[in-house]
Amino acid sequence: MATTDPGTKSVPLSITEDEAAVYDRQIRLWGLEAQQRMRNATILMVRLKGVATEAIKNIVLAGIGKLIVVDSDDVAEQDLGAGFFFRDEDVGKKRVDAAKARIESLNPLVAVETLSDPSVLEDNGFETLLAGVDMVCVTDVDRTTLIRLNDTCRRLGKPFYSGGTYGLLGYIFCDLLQHEYIAPDRSAQKDASKNVKNTAAYVPLRTALQHRWTGMTRRQTKEVNPAIPFSVLALWEYQATHSGALPDDPMAAQELEEIANKLIGEAGVNKQVLPNIPRELIETLATTAAHELSPVCAVVGGLLAQDILKALAAREPPIANFFTFDGNLGGGTVVRMGMP
């Protein structure tokens, strides 16, 4: 027996007895079809740092079909804080080699493949890799790499997520192409239980970065805490002019501040809400952005995994489309950047 849901191909409803036992609670929550879609999905995760570690844990436990992890770097001592797949004796080994068995132990029902050759992310290699995956998630890389990988994913029709942390700040961006999902009908009467089909048209990162804030009211602008999105965007611009390196010196604060204020002005942000980037925030970023903080990685990685699963299940609206987390306040907001 097979059925079709919005934005998804026909999927069989049968699962094994082992899967039914392991995922019983999730099936009761999401439904059999949603679990089957997750079970059929192959997810590509690029770069294995703190955010990816948390996201991988959650999507593997939830029961995706296959996980492919690409990372060419070795385990460094600083990875031991937020990277709970690593141990002291792993320092110097390839990250993916050190983590593979521990990822597999989370859920033997999920196939895990690891790749340490960086060429698989280049041009033809990346296109070939994408042919066998259903969704891509890129974490903790620079803006130029994000745009390049996102553009390729969009051209080949692959939904794309990215995320990362910068000290106390974190972000998630998603480009789900034309995403169809089912959500409860909020306008229905209380006694009526009804779902409706919705469609969200996403945009690539290069389009989102051109977003202007002039259409937002003062209240709307204030609600999304614009200093945090523009801090992330300023860090990306800083990386672009420093060979991909993040600031790690108080002396970088002046340059970061100038970049952020320039971006705020160009985007037309309501000056009554954010006339300039807060100096204290910039000074903190200048010394902490290059470092991972485990609690921030846990929050951002957990939300990233939750949204990936939501998108796969085609239940409830995913992030649309730029989420930022402020660890100073312990809260996050979503900005609709460039989306119609």
Side-chain angles (χ1 to χ4, degrees), residues 142-148 150-151 153-154 159-166 168-179 181 183 186 198-241 247 253-286 289 300 303 307 317-329 331-340:
D142 61 276
R143 182 184 65 193
T144 302
T145 302
L146 285 176
I147 291 174
R148 177 175 64 82
N150 181 200
D151 284 351
C153 287
R154 174 162 274 264
F160 176 91
Y161 275 91
S162 68
T165 62
Y166 306 100
L168 285 168
L169 306 189
Y171 87 95
I172 297 169
F173 169 79
C174 60
D175 173 12
L176 302 181
L177 313 169
Q178 289 287 124
H179 181 69
Y181 60 94
R186 307 297 184 190
N198 294 312
T199 301
Y202 284 78
V203 297
L205 181 59
R206 65 169 63 248
T207 300
L209 292 175
Q210 298 170 7
H211 176 69
R212 289 185 57 78
W213 293 53
T214 48
M216 300 175 67
T217 65
R218 178 180 176 180
R219 179 178 178 181
Q220 289 171 331
T221 305
K222 188 175 182 179
E223 285 177 348
V224 298
N225 192 11
I228 305 306
F230 279 96
S231 293
V232 173
L233 298 180
L235 286 168
W236 287 356
E237 180 65 23
Y238 181 96
Q239 282 184 294
T241 57
Q254 183 65 33
E255 182 179 354
L256 263 182
E257 183 178 39
E258 292 173 359
I259 292 172
N261 286 336
K262 180 174 181 290
L263 293 174
I264 290 168
E266 291 174 345
V269 180
N270 189 311
K271 292 187 179 297
Q272 291 180 308
V273 177
L274 187 67
N276 294 292
I277 201 78
R279 178 70 185 188
E280 183 180 356
L281 174 60
I282 288 298
E283 289 176 346
T284 300
L285 272 184
V300 176
L303 290 170
D307 216 66
I319 290 171
N321 55 342
F322 196 76
F323 165 86
T324 53
F325 176 74
D326 181 3
N328 296 288
L329 300 176
T333 54
V334 175
V335 182
R336 196 178 181 91
M337 293 180 61
M339 289 181 66

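These numbers come from a predicted model, not from an experiment.
Note that OG1 of Thr207 and OH of Tyr202 are 15.0 Å apart. Values are rounded to the nearest 0.5 Å. Separating the CG atom in Leu303 from the CD1 atom in Ile172 is a distance of 5.0 Å, to the nearest 0.5 Å. With rounding to the nearest 0.5 angstrom, the CZ atom of Phe173 is 5.5 Å from the CG atom of Asn150. If you take CG on Leu281 and CZ on Arg279, they are separated by 11.0 Å, rounding to the nearest 0.5 Å. Taken from OG1 in Thr324 to OH in Tyr166, the straight-line distance is 12.0 Å, to the nearest 0.5 Å. To the nearest 0.5 angstrom, Lys271 atom NZ is 14.5 Å from Arg218 atom CZ.
Salt bridge annotation for Lys262-Glu258: absent, with no cationic side-chain nitrogen under 4.0 angstrom from a carboxylate oxygen.
Here the side chain of Asp142 pairs no donor or acceptor atom with the backbone of Gln239 at under 3.5 angstrom.
Of all the heavy atoms in Thr333 and Glu223, the pair that sits closest is CG2-O, 3.3 Å. Counting all heavy atoms, side chain and backbone alike, Gln178 lies closest to Thr199 at NE2-CG2, 3.6 Å. Taking both residues in full, the closest heavy atoms of Tyr181 and Ala183 are given as CE1-CB, 4.0 Å, listed atom of the first, atom of the second, then distance. Closest of all the heavy-atom pairs between Ala201 and Pro340 is O-CD, 3.5 Å. The nearest pair of heavy atoms linking Ile277 to Ser231 is CD1-OG, 3.7 Å. Taking all atoms of both residues into account, the shortest heavy-atom contact from His211 to Ala267 is O-CB, 4.0 Å.
Under the 4.5 Å side-chain criterion, counting only non-hydrogen atoms from C-beta, Arg206 is in contact with Asp151. Side-chain contact between Val224 and Trp213 is present, with at least one heavy-atom pair separated by less than 4.5 Å. Within the 4.5 Å cutoff, side-chain heavy atoms of Leu176 are placed close to those of Pro318. Taking 4.5 Å as the limit, some side-chain heavy atom of Glu266 sits within range of a side-chain heavy atom of Leu263. The closest side-chain heavy-atom distance from Gln272 to Lys222 is not below 4.5 Å.
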Check against side-chain contact (heavy atoms from CB on, under 4.5 Å), Ile228 and Leu329: CA-CA 11 Å; Ile228 305 306; Leu329 300 176; over 6 Å; no
Steps toward side-chain contact (heavy atoms from CB on, under 4.5 Å) verdict (Ile259, Leu235): CA-CA 9 Å; Ile259 292 172; Leu235 286 168; over 6 Å; no
Derivation of the side-chain contact (heavy atoms from CB on, under 4.5 Å) call for Leu205 and Asp175: CA-CA 7 Å; Leu205 181 59; Asp175 173 12; over 6 Å; no
side-chain contact (heavy atoms from CB on, under 4.5 Å) evaluation trace for Phe323 with Cys174: CA-CA 9 Å; Phe323 165 86; Cys174 60; over 6 Å; no
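Residue Phe230 is tested with Val269, Asn261, Asn225 for a side-chain contact (heavy atoms from CB on, under 4.5 Å); the sole match is Val269.
Between Phe322 and Trp236, the two ring planes are perpendicular [angle over 60°; tilted spans 30° to 60°].
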